[in-house]
Amino acid sequence: MEVSLLVQSAGSAPGGAGQTILADYANVAKEVEIVTNRMDAPGQLSFTCLESGRVRISEGSSVEFVCNGVKMFKGYVMTVERGRNGETRYKAYDMLRYLKANASYVFEHMTLSQMIQRIAADFGLPVGTLEDSGYVFPCLVKEDESCLDMIFDALYQTIIQTGKLFIFYDHAGVLTLTEAKNMFVSTVIGDGSLAVDYTYKRDIDSDTYNRIKLVKKNEETGRTDVYIHEDTETVKRWGVLQYYGVVDQNLNEAQIDEMCKMYLRYYNRVLRTLSLEALGVPEIRAGSIVPVRISNVDDLSSTRLLLAEKVTHRFDGEDHTMTIEVKSFEQLGGGSVG
């Protein structure tokens, strides 16, 4: 395994002049951890060094981690913690961290990729591939809200409206929007292939709904219009599990009715989750589609394509392990490949 942990920081040259210092911390850093989430959070990298004297890496320094030629992370140091023995822990975040700033926007007749371009331009953030989702928001008003929340809310609505899975993330230093199918990983994780442990769970407690109730304030009548869709069969079996939401006033009755149907189609199921401990594969990150096969689990006895919700990579010396968390099998239609 070949890894590099390049840190670029500002320093002083002989004579007091400023200079940029580039150093590889791969041989001195321990407990390196990279965490990515599919929704709502920036990627982060943390590592620990034993140092004497002053803190070596200053806030704002850029950090880049590469494993076997795969650039797994690029970001900037935000947090420095030091203990009495000189053990110093650094934490860096990718560019999505800068989108946590609050702002107000009115997006009219814009797709998700156009929204991202507009916000990125305002904050001076570079963009890479931004695929066209094909869905145009009639009007989306956001006031005093974090830009990251704006984008992920629009992303969620785009997935609901199109039925396609899109992933928004920082790809080695550029903001990227792509369909999940373009993040397929061919390595099978499971029986006899990298996996060392797993936890599998089924529940209807945390994210399952069989009644969808959406409401919109009617400016003309002064009353609230209510739209409800439910599945009577699962209501009989589980009782009423209701989702309640207030929708954009710019949506018409047909659009809200369709949204109710799509929400019910998505949420009216037994939620299946999987936490999989395995040997590390650098290409796998949150948003990746991963083939998984575990013979002792009925749902996974044949190889299925699962969407990685959260991925944690850990590097300690020559060891590279990872944890893959899958939230729902239905997001890929229960895709089976064998």
Side-chain angles (χ1 to χ4, degrees), residues 36-43 93-183 212 214-220 225 227 243-267 285-287 307 309 331:
T36 53
N37 289 272
R38 184 175 70 90
M39 300 286 280
D40 301 332
Y93 293 92
D94 64 22
M95 282 199 306
L96 267 62
R97 167 62 181 80
Y98 296 101
L99 293 173
K100 293 178 72 173
N102 277 27
S104 296
Y105 284 95
V106 177
F107 301 107
E108 293 186 285
H109 305 293
M110 298 180 72
T111 62
L112 175 57
S113 59
Q114 290 171 328
M115 295 179 193
I116 294 170
Q117 285 179 319
R118 180 176 172 186
I119 294 173
D122 288 345
F123 284 84
L125 301 176
V127 298
T129 300
L130 296 177
E131 293 185 11
D132 184 4
S133 65
Y135 176 69
V136 178
F137 286 82
C139 183
L140 187 62
V141 180
K142 296 291 184 179
E143 295 184 4
D144 193 18
E145 187 175 326
S146 86
C147 295
L148 195 62
D149 288 345
M150 293 181 198
I151 291 172
F152 276 114
D153 177 57
L155 172 63
Y156 178 73
Q157 295 298 331
T158 296
I159 292 172
I160 292 294
Q161 293 292 338
T162 64
K164 298 179 180 179
L165 278 166
F166 290 90
I167 309 298
F168 173 64
Y169 67 109
D170 178 344
H171 180 56
V174 293
L175 300 180
T176 301
L177 178 69
T178 185
E179 266 198 85
K181 67 180 183 180
N182 297 323
M183 298 179 67
I212 307 299
L214 301 180
V215 300
K216 182 183 79 166
K217 187 175 181 179
N218 191 317
E219 296 291 347
E220 294 181 1
D225 296 335
Y227 303 82
Y243 176 97
Y244 178 89
V246 180
V247 300
D248 192 317
Q249 294 187 18
N250 293 291
L251 296 177
N252 60 39
E253 183 175 342
Q255 290 171 321
I256 299 173
D257 190 67
E258 183 63 25
M259 187 179 293
C260 272
K261 292 178 183 177
M262 298 184 77
Y263 276 32
L264 185 63
R265 190 180 308 131
Y266 179 84
Y267 286 115
R285 56 155 291 129
L307 179 69
E309 196 72 26
Q331 289 173 315

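All values derive from a computational prediction rather than experimental measurement.
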Side-chain donor or acceptor of [X] paired with backbone N/O of [Y] under 3.5 Å:
X	Y	value
Thr36	Ala286	yes
Asn37	Met39	no
Asn102	Ser146	yes

When rounded to the nearest 0.5 angstrom, what distance separates [atom1] in [X] from [atom2] in [Y]?
X	Y	atom1	atom2	value
Leu155	Ile167	CG	CD1	7.0 Å
Phe152	Gln157	CZ	CD	14.5 Å
Tyr98	Asp170	OH	CG	10.5 Å
Tyr135	Thr111	OH	OG1	11.5 Å
Tyr169	Leu177	OH	CG	9.5 Å
Lys181	Leu165	NZ	CG	11.0 Å

Are any non-hydrogen side-chain atoms of [X] and [Y] less than 4.5 angstrom apart?
X	Y	value
Met95	Pro126	yes
His171	Thr129	no
Leu96	Ile151	no
Lys142	Asp153	yes
Glu179	Thr162	no
Met183	Arg285	yes

Which pair of heavy atoms, one from [X] and one from [Y], lies closest together, and at what distance?
X	Y	answer
Cys147	Ala103	SG-CB, 3.9 Å
Pro42	Asp94	CB-OD1, 3.4 Å
Gln114	His109	OE1-O, 4.0 Å
Lys216	Leu251	NZ-O, 2.9 Å
Gly128	Val174	N-CB, 3.6 Å
Val106	Arg118	O-NH1, 3.0 Å

How are the rings of Tyr243 and Tyr267 set to each other: parallel, tilted or perpendicular (split at 30° and 60°)?
parallel
Assign the ring pair Tyr105 / Phe107 to parallel, tilted or perpendicular, where the plane angle (0 to 90°) is split at 30° and 60°.
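Tyr105 vs Phe107 ring planes: parallel.
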As a quick check of understanding, evaluate side-chain contact (heavy atoms from CB on, under 4.5 Å) for Ile212 and Met259, giving each step before the final call.
CA-CA 9 Å; Ile212 307 299; Met259 187 179 293; over 6 Å; no
Can you tell which of Ile116, Thr158, Thr178 makes a side chain to side chain contact (heavy atoms under 4.5 Å, CB included) with Phe168?
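Exactly one option meets the side chain to side chain contact (heavy atoms under 4.5 Å, CB included) with Phe168, and it is Ile116.
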Quick one: do Val247 and Gln255 satisfy side-chain contact (heavy atoms from CB on, under 4.5 Å)? Show the steps, please.
CA-CA 10 Å; Val247 300; Gln255 290 171 321; over 6 Å; no
Go through the steps to decide whether Leu140 and Met115 satisfy the test side-chain contact (heavy atoms from CB on, under 4.5 Å), and finish with yes or no.
CA-CA 10 Å; Leu140 187 62; Met115 295 179 193; 3.9 Å; yes
